Amino acid sequence: MLYLAFITSLFGSIFLTASIKMLSVFHFIDWNPIGFAKKYHLFEESHPFISWLFLAVVIFLINFILYLIMQYVHQVPAFITSLVIGGLIAVIAEWFIYDLPAELYSFKKLSIPFIVMVVITARFIFETASFHYQAQLERNRLPYKESVIK
């Protein structure tokens, strides 16, 4: 199961990192995705690729943890959990990036394409985790009822 979690998280992080890069290139987001390097004085002298790689690793770790948690919540539809959890993660991330006050007008600054990309990635992670967990349960089920005497 860890192999599936690793591969799913890897592809989810590659997709989300590439999506964030495209959102940045086409100016759908107003903030710099690798601006944390300047803010926290990390990788200042290195190539920007190193900052993007670090961002991808952080996204991978978050995806991996979410995969491991969400495989046990297979009773709740993945659409609902990805919409709620992915939306919350995206809103909280942009809230910290913009350093917004807790007021209603602050929601106008949030980037809808960024929220959509995070929700799409969360849906991929959660749906895959739920599917593989249910498949593992079906694989271990006996082909006959336990009450049948053989």
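Treat the numbers as computed from the prediction; the structure is a model and nothing was measured.
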Under 3.5 Å, sequence neighbours excluded: what are the donor-acceptor pairs made by side chains of residues 11-24?
unit_1 : atom_1 : unit_2 : atom_2 : d
Ser13  : OG     : Ser9   : O      : 3.2
Ser13  : OG     : Leu10  : O      : 2.8
Thr17  : OG1    : Ser13  : O      : 2.7
Ser19  : OG     : Phe15  : O      : 2.8

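Shortest non-hydrogen contact noted between Met70 and Ala129 is C-CB, 4.2 Å. Pairing each heavy atom of Val119 with each of Gly86, the nearest pair is CG2-C, 3.9 Å. Across Tyr98 and Lys109, no two heavy atoms sit closer than the pair CE1-O, 3.4 Å.
Considering CD1 of Ile125 and CD1 of Ile69, their distance stands at 12.5 Å, rounded to 0.5 Å. Distance check, rounded to the nearest 0.5 Å: CD1 of Ile89 to OG1 of Thr121 gives 10.5 Å. Interatomic distance, Tyr67 OH to Ser130 OG, rounded to the nearest 0.5 Å: 9.5 Å. From Phe43, atom CZ reaches atom CD1 of Ile34 across 11.0 Å, with rounding to the nearest 0.5 Å. Rounding to the nearest 0.5 Å gives a distance of 11.0 Å between CD of Gln136 and CD of Glu138. If you take CD1 on Ile85 and CZ on Arg123, they are separated by 13.5 Å, rounding to the nearest 0.5 Å.
Between the side chain of Thr128 and the main chain of Phe124, a donor-acceptor pair closer than 3.5 Å is present. The backbone N or O of Ser51 sits nowhere less than 3.5 Å from a side-chain atom of Ser46 that would complete a donor-acceptor pair. The main-chain N or O of His132 is never found under 3.5 Å from a side-chain atom of Gln71 such that the two would form a donor-acceptor pair.
Enclosure of atom CZ in Phe79 is not indicated, since only 12 or fewer non-hydrogen atoms of other residues, nucleotides or ligands lie within 6.0 angstrom. Within 6.0 Å of CD1 in Ile112 there are 12 or fewer heavy atoms belonging to other residues, nucleotides or ligands.
Residues Phe114 and Phe28 place their aromatic rings such that the two centres sit no closer than 6.0 Å.
Classification of the Phe36-Phe54 ring pair by plane angle, with boundaries at 30° and 60°, yields tilted.
In this structure, the side chains of Leu2 and Phe64 come closer than 4.5 Å at one or more pairs of heavy atoms.
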